Every structure is written in C-alpha cells, then in structure tokens.
Amino acid sequence: MFFASDNTGPMHPAVAQAMVAADSGYHPSYGADPIMDGVRAQIREIFEAPEAAVYLVATGTAANALALATMTKPWDAVFCTPLAHINVDECHAPEFYTGGAKLSLVGTGDKMTPDELRAGIARWTKGDVHTSQRGPLQLTQVTEMGRLYTLNEIRALTDVAREHGLPTFMDGARFANALVALDCTPAEMTWKAGIDALSFGGTKNGCAGVEAVIFFDPAHAWEFELRRKRGAHLFSKHRYLSAQMQGYLTDGVWRETARAANANGARLAEGLRGMAELEFVEEPEANMIFATLPRREHQRLKAGGAVYGLWGDLEGDPEERLMMRLVTDWSITHEMIDDFLKLARG
C-alpha cells in the first residue's frame, strides 16, 4: 500500500532494457552518443517541432533551474505561484543558477489566473532601475496540488506574458499525466499554446532518473549547453540518460505509463469517495489525490501499513483533520489499491 510518491516506483521494463542494451561497447561521451541523436529526433517528431533544441539532465530541479537561468537575467523576476516546485521544493536552485533572479509569487495557491498574473507583473515597474525587471512566466503542469491547466487556461496566461514581451517556461515533471488527462497533443499543450520551453519529465513516469529540456526556439541552445556544463549537469557517460529516454519514448511507453498512473489514481479516488469522513481538498484530475481525515484515521491507516504523505504529526488531537497526499504511478497494482481501500473503510 505504497502511495508516497511516483518518484519511488521502479523503472518500466522497456527503460531498463534500453539501459542494458546501451551498456556495451563504447559510445561518444557528453551527449554525442548516437542514442541521443535518435532521442532528439523522437522528441522533435512527438512535439511537431523540427527545430527544437533538446537536452537531457538527471533531475527535475536541474531541468527547471538551468532552463530558467537560460531564459532569465539576474535582475529579473520569475512569475510563479506560491506552491510552485521552484518556490517550495528546490532549495533556491533557480535563484542560484540564475545568479540571483527573484521569484515573484502570483495568486495564492497552485494555479494562477490571467488577472492575477497581470497584477503580479504590474508590481514591477518596467524600466525602473530600483526594482526587479520583468522576467519569464513559469507554469507547472500537473500542478503541485494535482490539478490541470486546460489548454485555454495556458493560452490565456501565455497571452498575458506575451503582451509584456515575456517568455513562458513549463515545469512538466508530470507532463505525460496532464497530456493523457486532457487528451491533447504535446504540441497543443506547449508551443501551440504559447510555451517557449519545457522540462519534459521521465523520472516520475517510469524512468530511473532523466528529464528532457526542450527549447522551442533553438536560439537558446548554446547558452543552455554552457550553463549545463558550468552547472556540473553534463554527464560524461551520457548514453545512460539517452537510453532511458529512448526506452521511455519508443512505442509510446511514456503515454502508456501515464495512462496507467492516472487510471490507478481514478480507481483509488473513486473508492475513497465512499469514506464518510474523507474530504477531497481538490477534485483529483491526474494521479495525485489530496484529502483530509481526522488524525485518528491516519493513525489507523499508518498502523495498518499504508504509506503516503501526511501534513502534520501523528500525535495530537485525534479529531484534528490532517491533509494527506496519495500518488499513484504506473506500477501500482489494483490489489494494492483495493487493500488500501479495504483498510480505509475499516
């Protein structure tokens, strides 16, 4: 009954097989391997972006921070929500790699509206030497609370950014989960909706540890290469990153794993609706569920062997409601879900 995070699951067999296949002979290093040539072509085809610049790094934090550094000057403000991963979960890596850019928080939760973005941009007077300058917009898809930006919502926000001459970066750690939930194409959710750059996640969706950084404007390519090297994120044995992404992309494995993760989330959410004391914090839309239960229920679930994220201590007022996070990945079985639901229902 392991629902702690989609970071914790195993590799998909296709990814593991691709890594084993790459683990023979000799390959050029630092991204010059022939496997990477194929990956670059695959991603360009998938995103309908033949000129896109495509790079691989090992972590989501590296992907986000290095991409934003490429798009941001040290004196800029990056517009993001208070719950954005770059704000609460990356130990100031974006500020570090950008050389001091400021994160300017928009809205109050995990999603922002166009009006909130306009107000956030207006906080910084254009051309005033005494304040932050206006920098890129950052969006997270799926959001940190398991919600989705619709295609229209993305376009409305990128339109506001473009009104002010600002680019938009998408943190797509769970990009595949959002894509299959919205039933759209990668192009529709990115450059056709005004996204300029994307971190395309693999780690949470069946890979061992690889994320792609995609610039739809190849003018950013050389600067990103320099920043990746200077930031110590250019792997010498790059073929092991390339192989993961190759296995992930080939035959649509990345869509298959995302569909499975989302379906597992839907099965779990539907079962939880039968619990009288459970309240959803947000309506589940992908593979993450946020809900609250009294502390005594969390004590019972934890004692029964359930593993999930919990906001608060197990000791305290038994009636106090605490928030939980349940995350499903592609590998979670129906039996695991059903065992948890049986335990949850008492």
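Just so you know, residue 1 is the first one in the sequence shown, and it goes up from there. Bear in mind that the values here come from a model prediction, so they are computed numbers and not experimental data.
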Checklist entry - Charged N to carboxylate O under 4.0 angstrom, R228 versus E225? => result no

Next on the checklist: Any carboxylate oxygen within less than 4.0 angstrom of a Lys/Arg side-chain nitrogen, looking at R273 and E283?
Outcome noted: yes

Checklist outcome for this item: Note: P136 and T72 closest approach over all heavy atoms is CG-OG1, 3.2 Å

Item to check | side chain to side chain contact (heavy atoms under 4.5 Å, CB included) partner of L241, chosen from D33, I35, V210, V57 | outcome: V210

Item to check | Minimum heavy-atom distance between N177 and A286, given as atom pair plus value | outcome: CB-CB, 4.4 Å

Next on the checklist: Check the orientation of F47 and F200. Use parallel for under 30°, tilted for 30 to 60°, and perpendicular for over 60°.
Outcome noted: perpendicular

Next on the checklist: Between R118 and E163, does any side-chain N to carboxylate O distance fall below 4.0 Å?
Outcome noted: yes

Checklist entry - Knowing that exactly one of N262, T328, V327 qualifies, which makes a side chain to side chain contact (heavy atoms under 4.5 Å, CB included) with M288? => result V327

Checklist entry - Would you call L293 and L322 a side-chain contact if the rule is heavy atoms closer than 4.5 Å? => result no

Checklist entry - With under 30° as parallel and over 60° as perpendicular, where do the rings of H298 and Y308 fit, or are they tilted in between? => result tilted

Next on the checklist: If I take atom CD1 from residue I86 and atom CD from residue E95, how far apart are they, to the nearest 0.5 angstrom?
Outcome noted: 7.5 Å

Item to check | Donor + acceptor pair across side chains of Q141, D171 (<3.5 Å) | outcome: no

Checklist entry - Any donor-acceptor pair under 3.5 Å linking the side chain of Q244 with the backbone of C207? => result no

Item to check | P10 side chain near W330 side chain, heavy-atom distance below 4.5 Å | outcome: yes

Item to check | Donor-acceptor contact below 3.5 Å, side chain E90 vs main chain V88 | outcome: no

Item to check | Worked check of side chain to side chain contact (heavy atoms under 4.5 Å, CB included) between Y149 and M112 | outcome: CA-CA 9 Å; Y149 284 103; M112 67 175 76; 3.9 Å; yes

Checklist entry - So, E188 side chain and T185 main chain: donor-acceptor pair closer than 3.5 Å or not? => result yes

Checklist entry - Under a 4.0 Å N-O cut-off, is there an ion pair linking R174 with D6? => result yes

Next on the checklist: With salt bridge (Lys or Arg N to Asp or Glu O under 4.0 Å) as the criterion, how do D338 and R267 come out once you've worked through the C-alpha distance, each side chain's angles and the decisive distance to 0.1 Å?
Outcome noted: CA-CA 9 Å; D338 294 344; R267 182 185 183 95; 3.0 Å; yes

Next on the checklist: Could you check whether Q138 and T168, counting side-chain N and O atoms only, form a donor-acceptor pair closer than 3.5 Å?
Outcome noted: no

Next on the checklist: I'd like to know whether V307 forms a side chain to side chain contact (heavy atoms under 4.5 Å, CB included) with T8, so could you lay out the CA-CA distance, the side-chain angles of the two residues, the decisive distance to 0.1 Å, and finally the verdict.
Outcome noted: CA-CA 11 Å; V307 181; T8 58; over 6 Å; no

Checklist entry - Counting distance only, does the side-chain N/O of S132 pair as donor-acceptor with the main-chain N or O of A77 below 3.5 Å? => result no

Checklist outcome for this item: Taking every heavy atom of T190 against every heavy atom of F175, the minimum-distance pair comes out as CG2-CE1, 3.5 Å

Checklist entry - Can you list the steps and then say if V281 with M323 is a side chain to side chain contact (heavy atoms under 4.5 Å, CB included)? => result CA-CA 8 Å; V281 177; M323 186 168 73; 3.7 Å; yes

Next on the checklist: Keeping R325 on the side-chain end and G309 on the backbone end, is there a donor-acceptor pair under 3.5 Å?
Outcome noted: no

Item to check | Atom pair CG (L66) and CZ (R227), whose distance is rounded to the nearest 0.5 Å | outcome: 8.5 Å

Item to check | Donor on one side chain, acceptor on other, E211 and T59, under 3.5 Å | outcome: no

Next on the checklist: A side-chain contact here means heavy atoms from C-beta on lying under 4.5 Å apart; do L137 and L157 qualify?
Outcome noted: yes

Next on the checklist: In this structure, is the centre-to-centre distance between the rings of Y97 and F224 below 6.0 Å?
Outcome noted: no

Item to check | Over 12 foreign heavy atoms within 6.0 Å of CZ, F96 | outcome: no

Checklist entry - Does the side chain of S104 pick up a donor-acceptor pair with the side chain of W124 at under 3.5 Å? => result yes

Next on the checklist: Which heavy atom of Y248 sits nearest to which heavy atom of A176, and what is that distance?
Outcome noted: OH-CB, 4.0 Å

Checklist entry - Is it true that K342 and D339 make a salt bridge, defined as a side-chain N closer than 4.0 Å to a carboxylate O? => result no

Checklist entry - Do we see a donor-acceptor contact under 3.5 Å between the side chains of D110 and T143? => result yes

Item to check | Salt-bridge criterion met for D313 and R295 (N-O under 4.0 Å) | outcome: no

Checklist entry - Can you list the residues that meet the side-chain hydrogen bond (donor to acceptor under 3.5 Å, both in side chains) rule with D196, with sequence neighbours excluded? => result R162

Next on the checklist: With a 6.0 Å cut-off on the ring centroids, do F235 and Y240 count as close?
Outcome noted: no

Next on the checklist: If I take atom OG from residue S5 and atom CG from residue L326, how far apart are they, to the nearest 0.5 angstrom?
Outcome noted: 11.5 Å

Checklist entry - Is there a donor in the side chain of D329 and an acceptor in the side chain of N287, or the other way round, less than 3.5 Å apart? => result no

Checklist entry - Could K192 and E48 be called an ion pair, given the rule that one side-chain N must be under 4.0 Å from one carboxylate O? => result yes

Next on the checklist: Applying salt bridge (Lys or Arg N to Asp or Glu O under 4.0 Å) to R296 and E277, what does each step give before you reach the verdict?
Outcome noted: CA-CA 11 Å; R296 56 180 162 76; E277 294 192 282; 2.4 Å; yes

Checklist outcome for this item: Between P186 and R255 the two heavy atoms that sit nearest each other are CD-NH2, 3.5 Å

Checklist entry - Taking NZ, NE, NH1 and NH2 as the nitrogens, is one of them in E116 or K111 under 4.0 Å from a carboxylate oxygen of the other? => result no

Item to check | Residue pair V213 / A67: nearest heavy atoms and the distance that separates them | outcome: CG1-CB, 4.0 Å

Next on the checklist: Is there a ring-ring contact (aromatic ring centres under 6.0 Å, His included) between F3 and F340? Walk through the geometry before answering.
Outcome noted: CA-CA 10 Å; F3 304 98; F340 176 80; 5.2 Å; yes

Item to check | CG-CD distance between D37 and Q42, expressed to the nearest 0.5 angstrom | outcome: 11.5 Å

Checklist entry - Does a donor on one side chain sit under 3.5 Å from an acceptor on the other, for H85 and E144? => result no

Checklist entry - What distance separates T158 OG1 from E153 CD, expressed to the nearest 0.5 Å? => result 12.0 Å

Checklist entry - Going through the distances and angles, do R300 and E297 end up as a salt bridge (Lys or Arg N to Asp or Glu O under 4.0 Å)? => result CA-CA 5 Å; R300 188 174 64 81; E297 289 299 301; 2.8 Å; yes

Checklist entry - Do other residues, nucleotides or ligands put more than 12 heavy atoms under 6.0 Å from H92 NE2? => result no

Item to check | Non-hydrogen side-chain atoms of P34 and P28 separated by less than 4.5 Å | outcome: yes

Checklist outcome for this item: CE of M1 to CG of L341, rounded to nearest 0.5 Å, is 10.5 Å

